[in-house]
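What follows is a set of notes on a single structure, which appears directly below.
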Amino acid sequence: MKQKIEYDNLIPINAYLWCPKPYPQPLHFHSSLEIGYCREGRGKFIFENKLYEVRKGDVFIVNNTELHIAQSAEHDPSRYIFLNFDPSLFLEEDEKLLLPFAYRSERFENHIAAGTPLAQQIGVLIQQIYEELNAKSEGYLTIARCKLLELGVTLLRHYRSGFSNEQWVKMSNSQREIKEMLLFVKERFQEPLQLTDVAAHLDWSTARTSRFFKEHTGSSFITYITQLRISEAKKQLVTNLESIADISFSSGFQSLASFYRAFNSDVGMSPQEYRKQFGVKQLF
DNA sequence: ACGTCTATCTTGGAAGATCC
DNA sequence: GGATCTTCCAAGATAGACGT
């Protein structure tokens with residue numbers, strides 16, 4: 001089951017406390033990356049084909065493709081701080097920060113054991129990000145973003161130590177291709193962009209591009225670009241008074257039928273209702 | 001890891017209904 | 001009466017199975 005993540009902050013990052021249920025729940029995944037820090041209690045962390053016993057101080061890394069769920073022990077419930085954030089936060093800073101989350105790497109690790117210096121370091125950073133995002137003092141988003149990047153670098157340095165220079169160069173190149181692909185899409189989503197255009201840009205076959213896209217973003221090309229277009233349309237609906245048809249086309253949709261279909265299925269209401277609820281007139 | 005093939009899914013245009 | 005929204009369907013795009 002794919003879970004939809006809404007971010008509570010102006011940058012795409014959430015930090016929240018979570019106490020998993022003491023009985024089995026369905027596995028889920030989401031397009032955000034996730035890091036969970038167990039502050040107390042015991043339990044299990046379940047992935048598709050892996051199961052970890054959890055104790056206080058454990059850290060779990062979850063990428064945007066893997067099905068997972070946490071479960072508490074019956075008489076000693078586990079309590080976590082979870083961070084959810086959009087991969088773009090790392091991608092825009094340094095694409096290599098995403099490597100420790102790359103599932104296809106043979107060194108991908110879900111679990112960082114309690115008591116290790118790495119788990120302790122990450123635990124402190126997660127706690128600080130959580131406190132910043134909750135206190136909302138002046139400049140809290142900047143601090144939260146910086147601490148998240150620090151967390152990313154900490155993971156990256158640990159991860160880097162396990163590779164030869166040759167392996168590392170190869171992986172870094174692959175990461176650069178992902179960045180190039182996503183930036184190409186981000187710059188052109190308001191045009192009638194198709195998968196074949198991205199493939200032509202990279203000089204790849206469409207099948208290869210399609211696979212690569214899904215593998216690295218967790219979404220298909222069409223889902224990814226539709227999300228960008230809907231976000232753009234939402235932004236325009238609440239900030240200007242252009243007709244819905246104009247907004248649809250300037251967001252990158254090629255027909256009104258596609259726009260209404262996509263908007264309704266993603267947002268759960270019509271564009272007009274959305275504008276009524278969150279639009280400019282409501283703000284003044 | 002990558003290309004080819006193809007079943008399935010999605011889109012865009014048209015027509016029409018509904019809303020304001 | 002214009003703007004918004006839905007439905008239908010042919011055409012085109014995409015994802016995944018399969019082969020190398």
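Throughout, protein chains are lettered first and strands after them, A, B, ... in sequence-line order, and every chain is numbered starting at 1.
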Exercise for review: Answer yes if A/Val62 and A/Leu148 sit in the same cluster of Ile, Leu, Val, Met, Phe, Trp and Tyr residues linked by side chain heavy atoms under 4.5 Å apart, and no otherwise.
Suggested key: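 No, A/Val62 does not connect to A/Leu148 through the hydrophobic network.
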
Review point. Considering only heavy atoms from C-beta outward, does the side chain of A/Leu202 approach that of A/Met181 to under 4.5 Å?
Key: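 When only atoms from C-beta onward are counted, A/Met181 and A/Leu202 do touch, with a gap below 4.5 Å.
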
Point to revise | Those residues of residues 242-255 of chain A lying under 4.0 Å from DNA chain B by at least one heavy atom | key: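 By residue number: A/Gln254, A/Ser255.
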
Point to revise | Candidates A/Lys234, A/Arg261, A/Arg229, A/Gln227 - the one meeting side chain to side chain donor-acceptor pair (under 3.5 Å) with A/Asp266 | key: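 When A/Lys234, A/Arg261, A/Arg229, A/Gln227 are each tested with A/Asp266, the side chain to side chain donor-acceptor pair (under 3.5 Å) holds only for A/Gln227.
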
Check your understanding: In terms of side-chain heavy atoms, does A/Glu132 have a donor or acceptor partner in A/Gln128 at a distance below 3.5 Å?
Key ->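 Absent: no donor and acceptor within the cut-off.
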
**Study point:** Distance-only polar pair, side chains of A/Glu273 and A/Gln277, donor-acceptor under 3.5 Å
**Key:**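 Looking only at side-chain atoms, A/Gln277 and A/Glu273 do not form any donor-acceptor pair under 3.5 Å.
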
Practice item. Check every nucleotide of DNA chain C for an atom under 4.0 Å from a heavy-atom of chain A, then give the first and the last such nucleotide from 5' to 3'. Key: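 Counting from the 5' end, contacts occupy C/dT4 to C/dA17.
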
Parallel, tilted or perpendicular: which fits the ring planes of [X] and [Y], with parallel below 30° and perpendicular above 60°?
X        : Y        : answer
A/Trp168 : A/Phe163 : tilted
A/Phe60  : A/His111 : parallel
A/Trp18  : A/Tyr16  : perpendicular
A/Phe45  : A/Phe47  : parallel

Distance in angstrom units between [X] [atom1] and [N] [atom2], rounded:
X        : N      : atom1 : atom2 : answer
A/Leu195 : B/dT8  : CG    : P     : 20 Å
A/Phe263 : B/dT10 : CZ    : P     : 19 Å
A/Tyr260 : B/dA14 : OH    : C1'   : 15 Å
A/Phe259 : B/dG12 : CZ    : P     : 13 Å
A/Phe221 : B/dT11 : CZ    : C1'   : 13 Å

Review point. DNA chain C: A/Gln194 or A/Lys214, which has the more 5' nearest nucleotide?
Key: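 The residue mapped nearer the 5' terminus is A/Gln194.
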
Exercise for review: Could you pick out which residue, A/Ala257 or A/Ile222, lies toward the 5' side of DNA chain C when each is mapped onto its nearest nucleotide?
Suggested key: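 Taking each residue's closest nucleotide, the earlier one in sequence belongs to A/Ala257.
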
Check your understanding: Under 4.0 Å between a side-chain N or O of A/Ser205 and OP1 or OP2 of B/dG3?
Key ->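 Looking at the OP1 and OP2 atoms of B/dG3, one of them is under 4.0 Å from a side-chain N or O of A/Ser205.
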
Review point. What is the nucleic acid contact for A/Ser270, judged by heavy atoms within less than 4.0 Å: base, sugar-phosphate only, or nothing?
Key: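 Sugar-phosphate contact only - A/Ser270 comes under 4.0 Å of backbone atoms but never of a base.
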
